[in-house]
Amino acid sequence: MILIVTIEIIGAYFVRQLEEQNVQQFEDSVVIPAYRLNQVSESLNDNDSKTKENISNVIQDYTRNNNDITDVQIVDRNGIIVSTKDVDKESIGTKTLKDQVKKSISTDKKITQIYYDKATGSSYESISPVSSPDNSTVVGAIYVRASMESVYSGINNIIVIFLTASLVAGLLGAVIAIFIARAITRPIDEMKQQAVRMAEGDYSGQVRVYSPDELGQLAMAVNDLSVKVEEATENSESERRRLDSVLTQMSDGVIATNRLGNITVINEMAQEFLDKEEGEADGKPLVEILGVEDRISFDQLLENPEPMIIETSDISDNDDDDDNSLILNADFSLIQRNSGFISGMVCVLHDVTEQQKIDSERRQFVSNVSHELRTPLTSISSYIDALNNGAWENKELAPQFLKVTAEETDRMIRMIQDLLNLSRMDQGRSKLDKELVNFNEFFSYILDRFDMMLKKEKADAKEDDKKVVKNYRIKRIFTNKDLWVELDTDKMTQVMDNIINNAIKYSPDGGVITCRLLETNKHIIISISDQGLGIPRKDIKKVFDRFYRVDKARSRKQGGTGLGLSISKEIVEQHKGRIWVNSAEGKGSTFYISLPFDPNETGGEWDEI
Ligand code: ADP
């Protein structure tokens with residue numbers, strides 16, 4: 001199109017120029033020479049008999065060599081035709097009918113015009129006024145008409161040649177353009193299709209390289225890019241899989257967010273910690289999922305990503321599962337690009353429940369020990385002060401004061417002994433010295449001792465009126481079968497003593513203490529029930545904790561340290577047994593101990609030996 005338009009513009013300009021030049025040449029060729037004009041001027045001026053002949057000669061000479069001139073008329077100043085080119089010369093002597101001639105004579109101006117007539121074709125007409133020799137007046141005019149057919153037929157020929165040439169050039173140009181366009185668009189089209197395939201994740205295809213030119217180089221670059229993108233995709237895919245498996249295997253919870261603080265990645269452990277179903281936390285705000293939205297906003301976290309402790313009981317709506325609640329340490333770090341732009345945040349959750357529990361137990365223990373020691377020490381110190389201040393001279397008070405200090409000192413020694421035992425067991429330094437024991441006999445022996453003790457106390461009380469003895473009865477319900485158990489008798493005696501002592505301590509006067517011994521397939525079960533105060537439901541789980549006492553004042557008054565049951569528990573567990581308690585407040589408590597036992601063990605071999 002561009003080619004055709006260019007050719008046409010050039011052609012139009014060229015034809016126009018050619019036409020103007022040809023018309024100019026034609027005008028020059030038909031113009032009457034100056035010397036002949038002078039002759040005509042003189043003749044018209046003289047106006048004698050020779051005039052017509054002279055003028056006729058001039059016309060003959062003038063038109064002889066120029067076939068294009070079809071008509072010449074010479075008119076005098078009155079508009080009378082003096083001479084013509086025509087042979088019949090009928091019009092000579094008549095007044096010219098051409099208004100243009102009259103106009104030229106009157107105005108003394110040359111008039112030229114080109115016109116087209118169907119019969120004669122293009123014609124040229126020129127009317128030149130003729131001045132007198134002295135140039136004072138117009139003496140007439142010369143009218144010339146010439147055919148321009150030769151000029152226009154030449155120009156037309158050139159136009160035809162030009163149109164043919166431009167048509168051929170246009171066609172040729174179009175063919176070449178189509179060919180070149182196809183040569184360019186085909187590889188571009190193939191590259192476009194390859195780019196679409198790459199976008200869909202298919203990197204298998206290759207673009208054909210047609211030539212080593214720029215398009216060929218582009219095709220090679222596309223092929224190269226396809227390989228590189230495939231490699232990069234594979235790398236990032238395997239990187240993602242590795243990250244996924246790392247996140248899945250991690251014992252810590254990991255959460256990643258986007259710039260707005262909404263969760264984009266959360267691993268299984270974090271979901272477990274926060275009690276969320278798969279996909280439940282996706283897209284939710286991090287601060288909401290961690291339950292810290294009241295404490296801190298995500299923007300504040302971005303500004304100050306300090307670690308924080310989160311308790312899952314605060315997040316969960318369910319109050320019943322407090323036992324399963326966790327204490328988590330949340331560490332935050334920003335995901336930052338090289339440019340410094342923060343594109344998100346990573347939160348790592350670490351379960352510190354156990355650690356926190358141990359810490360709090362340790363603190364509680366230290367506070368308990370200090371408290372337990374301070375009470376007897378304060379009382380000892382105050383009695384010693386009183387003695388120092390003169391009470392030692394008082395024969396009644398002094399022995400009483402000394403007795404209390406001695407009792408308090410004993411209690412402290414007992415407590416420290418208990419603590420040392422516990423610490424030894426904690427460190428695994430306390431080894432069991434096991435032997436095979438007939439448990440029925442062992443249990444009977446212990447209970448007999450209590451019966452004896454009560455008897456002795458009652459006998460002592462008879463002698464000493466002041467002494468008050470708490471009465472109780474021990475009832476035994478034992479299996480008939482001998483139960484042979486391997487145990488450390490000293491330590492197990494300590495356990496039994498402690499539980500029976502407690503039963504006596506917390507029983508009312510005259511209470512019955514029922515001791516049972518029975519066996520299951522693999523265990524012996526000892527139970528010691530009393531008819532005492534019982535233990536409130538809320539305290540049942542805690543009575544085996546160190547220093548835990550339901551009624552501190554009462555226990556202390558009775559010489560308790562609050563360590564007896566915890567030591568018993570440790571010893572029973574050392575024997576791979578279990579200790580627990582059932583109690584109804586106000587009705588009494590039953591302590592149970594189960595110990596592993598082999599029913600086939602009879603102890604017979606030892607008897608035989
Ligand atoms: P203590 O030296 O205070 O007796 P223990 O560890 O032996 O310490 O017992 C812990 C607590 O358990 C006691 O203070 C008491 O409140 C409670 N307890 C233990 N045995 C009984 C029982 N038979 N009846 C009621 N409460 C008991």
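Numbering of ligands and ligand atoms starts at 1, following listing order.
The closest approach between a heavy atom of D530 and any atom of ligand 1 is below 4.0 Å.
Checking D418, I504, N502 against atom 7 (O) of ligand 1, the nearest heavy atom belongs to N502. In this structure, of F544, Y548, Y506, the residue bringing a heavy atom nearest to atom 22 (C) of ligand 1 is Y506. The residue from G562, S507, A503 that puts a heavy atom closest to atom 8 (O) of ligand 1 is G562.
Taking the six-membered ring for Trp and the full ring otherwise, Y445 and F442 have centroids separated by 6.0 Å or more.
Remark: E231 does not engage K228 in a salt bridge, criterion side-chain N to carboxylate O under 4.0 Å.
When each atom of ligand 1 is checked for a heavy atom of L565 under 4.0 Å away, the hits are 5 (P), 6 (O), 7 (O), 9 (O), 10 (C), 12 (O), 19 (C). Remark: ligand 1 atoms within the under-4.0 Å shell around heavy atoms of V543 are 10 (C), 12 (O). Within the listing of ligand 1, atoms 14 (O), 16 (O) sit less than 4.0 angstrom from a heavy atom of V550.
The closest side-chain heavy-atom distance from I474 to F450 is below 4.5 Å.
With a heavy-atom cut-off of 4.0 Å, I535 touches ligand 1 through its side chain alone. The proximity of D539 to ligand 1, defined as any non-hydrogen pair under 4.0 Å, does not occur for either the backbone or the side chain. The proximity of I499 to ligand 1, defined as any non-hydrogen pair under 4.0 Å, does not occur for either the backbone or the side chain.
Test K475, R476, K456, K458 against D451 for salt bridge (Lys or Arg N to Asp or Glu O under 4.0 Å) and you get one pass: R476.
Applying the side chain to side chain donor-acceptor pair (under 3.5 Å) test to residues at least two apart or on different chains, the pairs with a partner in residues 247-258 are D252-H350.
F401 meets the ring pair (Phe, Tyr, Trp, His ring centres under 6.0 Å) test with Y383; sequence neighbours excluded.
Shown here for I525 and S594, the closest heavy-atom pair between the two residues is CG1-CB, 4.1 Å.
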